[in-house]
Amino acid sequence: MVLPPGPTGAFACSIADFAGVRELVGENLIAEMICSNYDVAKEGVQTSVIKYLAKSAGPGILENSHAINTEFLLFSGFLVFLMQAGFAMLCAGHIRVKNNMNILLKNLL
C-alpha cells in the first residue's frame, strides 16, 4: 500500500534530510512521500521512515501475531526440555557410576 502524498507544502525536507530518507528507503518517490507526509526535520529521519513503513504495512502485519506467539511459546518449551536433559547429564557426569540411575530419576521427577 503506497500512501498518497500530503498536501502541497505541508512538510518539506532539507537536502540532507531528503538524502538520509532516500538512503534508507532506496527510492526517490517514496522519499518524497515521506518528506511530504511527515515532519522529518522535527521527528528525525529514522522515526519518519519507521512511521511510514508501519502505516504502509497496515493491519495485515498483525494477522500472524497469534501464530507467531504460539510458535515462540512452543519453541521456548522445547528449549526448556533440552535444558532439563542437559542438566541431568551434567549431574550424572559428576557422580559415581553406581548412582547415575538414581540421580537421573530424581531429575525426571
Side-chain angles (χ1 to χ4, degrees):
M1 174 178 142
V2 177
L3 295 175
T8 306
F11 295 112
C13 288
S14 67
I15 295 173
D17 288 339
F18 182 77
V21 171
R22 188 182 63 221
E23 182 180 330
L24 286 175
V25 296
E27 293 184 24
N28 285 338
L29 180 63
I30 295 175
E32 289 173 11
M33 278 193 258
I34 292 172
C35 284
S36 64
N37 287 320
Y38 301 100
D39 190 4
V40 178
K42 180 181 171 189
E43 297 175 347
V45 173
Q46 290 89 2
T47 305
S48 299
V49 171
I50 289 172
K51 283 184 176 181
Y52 170 78
L53 293 175
K55 194 168 184 179
S56 64
I61 199 167
L62 299 176
E63 291 176 357
N64 295 330
S65 65
H66 183 69
I68 292 170
N69 288 340
T70 304
E71 184 177 338
F72 177 75
L73 183 68
L74 290 173
F75 181 70
S76 299
F78 176 71
L79 288 180
V80 169
F81 278 112
L82 283 181
M83 286 189 291
Q84 180 69 22
F87 181 71
M89 295 299 118
L90 178 72
C91 289
H94 283 277
I95 58 172
R96 291 168 49 178
V97 176
K98 69 176 191 161
N99 297 328
N100 274 346
M101 194 59 83
N102 187 21
I103 292 299
L104 290 175
L105 196 60
K106 284 184 181 179
N107 279 329
L108 182 64
L109 299 175

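Owing to the predicted nature of the structure, the values given are computational and were not obtained by experimental measurement.
At a threshold of 4.5 Å between non-hydrogen side-chain atoms, the residues Val21 and Glu32 do not count as touching. At least one side-chain heavy atom of Phe18 sits less than 4.5 Å from a side-chain heavy atom of Asn28.
The number of heavy-atom neighbours closer than 6.0 Å to CD of Glu71, taken from other residues, nucleotides and ligands shown, is 12 or below. Within a 6.0 Å radius of CG in Leu90, more than 12 heavy atoms belonging to other residues, nucleotides or ligands are found.
Expressed to the nearest 0.5 Å, how far CD1 of Ile68 lies from CG of Leu73 amounts to 14.0 Å. Atom CE of Met89 is separated from atom CD1 of Ile103 by 12.0 Å, given to the nearest 0.5 angstrom. Atom CD of residue Glu27 and atom CD1 of residue Ile34 lie 10.0 Å apart, to the nearest 0.5 angstrom.
For the residue pair Glu43 and Ser48, the shortest heavy atom distance occurs at OE1-OG, 3.5 Å. Scanning both residues, Asp17 and Ala41, for their nearest heavy atoms gives OD2-CA, 3.7 Å.
In the hydrophobic cluster analysis, where Ile, Leu, Val, Met, Phe, Trp and Tyr join through side-chain heavy atoms closer than 4.5 angstrom, Ile95 is grouped apart from Phe87. Under a hydrophobic clustering in which Ile, Leu, Val, Met, Phe, Trp and Tyr are joined whenever their side-chain heavy atoms come within less than 4.5 Å, directly or via other members, Tyr38 and Leu53 fall into the same cluster. Both Val25 and Val45 are members of a single hydrophobic cluster when ILVMFWY side chains are connected at heavy-atom separations under 4.5 Å.
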